[in-house]
Participant: 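Sending over a structure as structure tokens; questions will come in a sec.
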Amino acid sequence: MTNKFATTLGLATAVLQPPVVKLELPAMAAVPDFGPNVLVFDPSTPDMQRQVDALFAKQEARQFDDNRHAVLFKPGRYELDVQVGFYTQVVGLGRSPTDVAIAGAVRTNARWMRDNNATCNFWRCAENISIRPAVSDAANVWAVSQATALRRVHVAGDVHLWDGGWSSGGFLADCVIDGTVTSGSQQQWLSRNTDWRRWDGGNWNMVFVGVNRPPLDNWPHQPYTVIDSAPVVCEKPYLYVDGDARYAVMVPRPRINARGASWQTGHQGKGIAIPIDRFHIARPDRDTAATLNAALDKGKHLLLTPGIYELDDALRVTRPGTVVLGLGYATLRPTAGTPAVVLADVGGIRLAGVLLEATVSGSVTLLQVGEPGATTRASHAADPIVLSDLFCRTGGAIAGRADTFVTIDANHVIGDNLWLWRADHGEGAEWNVNYNRNGLVVNGDDVTMYGLFVEHCQEYQTIWNGERGRVYFYQSEMPYDPPSQEVWSHDGVRGFASYKVADHVTQHEAWGMGVYSYFTRAAVVADSAFEAPAVPGVKLRHLVTVRLGGQVGSGIANILNDRGGPSVGSGVVPVRMD
């Protein structure tokens, strides 16, 4: 594979300046105690490069451990090379990404794996910063796969989404890139509400929603799906400090028919600023489900600092407008057979930046949104429930079981970057150990997903029962490990489709959908990748299946229902349909 990093563009040097917004926040008595897993830097902090290098050396190859970290930069200018490893979040604390300017890099590579393979570069993100690349041929390298994000980032240069080897991402949102984004080996990618000079490259499924200057939509000849605007979207809440060093969390308001980055287009400041004293700042070394629920009952929001939270009861969010914001991949493990989190059917809840992990106690679902079995549901069209950077897993770090990862029984829910992963490697990654039937089950109406990644679940990976659902980008690998066709079949059908729109649904739309197979234990076949009723209101567009390898004779027989042709055989076989 040829590395194309040699070309250097003439880069724009202007810094984007958002409107100035005056926020009235109460004075704080003290700097918040974010605990030992959070580094807070300002431009005068000594020895910063040594500290970030030490953190990266610790986290570069630790794919499955309990370390969690956040690196926070106060407004100012820095000269640093910030390499980002596993379970690390790099965050600027400005009101705008341009308030924290880093000359050097905020980057991630794949050198810990053979041949610079980035297909396991999970669980890392960078948010709310400006980067002027000064390493890697004047490009910022962001070689990642799932459970990652670049959000609210301004790059005064180019971005390369690979490191010379394989890569399988990813998610880019609310960003401005002055130069070219080169996708390289990326198999699939979602770019949402972003501006750049140019996009270069593409393999199987590249989706662009509300992007300025996207590539030409020429499917199926090129793997591009272009949606002019995001119909309704809410950017992720973010932590910041104002000019008087007071901390707060900004909760952006919904945008309708949104195009381009929110902070560039005059939307800056349109949101609710919540002072930090209205948050319970959670610490894994001292908080329990009881203390967290007590804080919620008192009307507090939750800021979950990095670490592992062992919960003997679900976190129960019942008040409208509650924010639960995780830093540094804060991880919730339910230990008593409950969900990790239950969200009531009330408007404005924001759940963001958390990893929900099943344990051996098992859970019916890791996240419950709304009331199970409800016959009537509230409308949240004006103030939706929003799930941002939400990740779930069974197996990998620990053995665990969950029937379903996420169950949505509420209307007007927005999902923005979800990876729901039954582990295919690591601890407990075995057919009869990390049991997981479904990834996502949607029973509510008017649910919208941007960037839905669901992998290796043992039956239907996504089941959509609600009306007027919309999905912009879907990536799914079927389970690698069905032991036989007899075990992995139902009702006379071989295997399970990855994506199932229920037979009674009359309106549903989805764009840019990829399902892949790699059956390693037996020569099994899935009769279809997608199942949906053949009615005018159900429209699945730009579908692709790929046989990645596996047992000879294995693969996917059809793309949608009984149409689309097979990706079955002995090689890597991509098949597309409009």
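Computed over heavy atoms, backbone and side chain alike; hydrogens, waters and symmetry mates excluded.
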Participant: Evaluate His542 against Trp511 for ring-ring contact (aromatic ring centres under 6.0 Å, His included), listing each step before the verdict.
Facilitator: CA-CA 6 Å; His542 293 195; Trp511 294 263; 9.4 Å; no
Participant: In sequence, state the C-alpha distance, the side-chain angles, and the governing distance for Arg192 and Asp416, and then conclude on salt bridge (charged side-chain N to carboxylate O under 4.0 Å, His left out).
Facilitator: CA-CA 10 Å; Arg192 178 184 64 69; Asp416 194 40; 2.9 Å; yes
Participant: Between OG of Ser167 and CG of Leu161, what distance do you get to the nearest 0.5 Å?
Facilitator: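 It is 7.5 Å, given to the nearest 0.5 Å.
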Participant: On a heavy-atom basis, which atom in His412 and which in Pro384 lie closest, and how many Å separate them?
Facilitator: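 For His412 versus Pro384, the nearest heavy atoms are O-CB, 3.2 Å.
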Participant: Whether Arg68 engages the ring of Tyr329 as a cation-pi pair (distance to the six-membered ring centre under 6.0 angstrom, angle to the ring normal within 45°) should be assessed.
Facilitator: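 Judged by the rule (NZ or CZ under 6.0 Å from the ring centre, within 45° of its axis), Arg68 is not positioned above Tyr329.
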Participant: Please give me the minimum heavy-atom distance between Ala143 and Ala118, naming the atom from each residue.
Facilitator: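 Taking every non-hydrogen atom into account, O-CB, 3.8 Å.
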Participant: Taking atom types as modelled and ignoring hydrogens, do the side chains of Gln461 and Glu455 form a donor-acceptor contact shorter than 3.5 angstrom?
Facilitator: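 Not at all, the side chains of Gln461 and Glu455 share no donor-acceptor pair under 3.5 Å.
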Participant: Looking only at non-hydrogen atoms, find the nearest pair between Pro482 and Ala522 and report the distance.
Facilitator: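 Closest approach of Pro482 to Ala522: O-CB, 3.8 Å.
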Participant: Quick one: CZ on Arg259 to CD1 on Ile227, what's the gap to the nearest 0.5 Å?
Facilitator: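 Going from the CZ atom of Arg259 to the CD1 atom of Ile227 covers 11.5 Å.
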Participant: Taking 4.0 angstrom as the limit, do Asp446 and Arg377 come out as a salt bridge?
Facilitator: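 Here Asp446 does not pair with Arg377 in a salt bridge, since their nearest N and O are not under 4.0 Å apart.
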Participant: Report yes or no: do Thr180 and Asp158 form a side-chain donor-acceptor pair below 3.5 Å?
Facilitator: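 Asp158 and Thr180 do not have a side-chain donor-acceptor pair below 3.5 Å.
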Participant: Here's one to test your reading of the geometry: is the NZ or CZ of Arg494 within 45 degrees of the ring axis of Trp488 and under 6.0 Å from its centre?
Facilitator: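 Output no; distance or angle outside limits.
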Participant: Answer yes or no for Arg62 and Trp123: cation-pi contact, defined as NZ/CZ to six-membered ring centre under 6.0 Å and angle to ring axis within 45°.
Facilitator: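 Judged by the rule (NZ or CZ under 6.0 Å from the ring centre, within 45° of its axis), Arg62 is not positioned above Trp123.
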Participant: Can you find a side-chain donor-acceptor pair between Thr545 and Ser567 that sits under 3.5 Å?
Facilitator: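 Yes, Ser567 and Thr545 have a side-chain donor paired with an acceptor closer than 3.5 Å.
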Participant: Ignoring hydrogens, what is the shortest heavy-atom contact between Leu548 and Tyr518? Give both atom names and the distance.
Facilitator: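 Nearest pair, atom of Leu548 first, then Tyr518: C-CD1, 3.7 Å.
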Participant: What pairs with Asp409 under side chain to side chain donor-acceptor pair (under 3.5 Å), at least two apart in sequence or on another chain?
Facilitator: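 Asp409 satisfies side chain to side chain donor-acceptor pair (under 3.5 Å) with Gln368, Asn443 only.
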Participant: So which atom in Ser183 and which in Trp199 form the shortest heavy-atom distance, rounded to 0.1 Å?
Facilitator: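 Taking every non-hydrogen atom into account, CB-CZ2, 3.5 Å.
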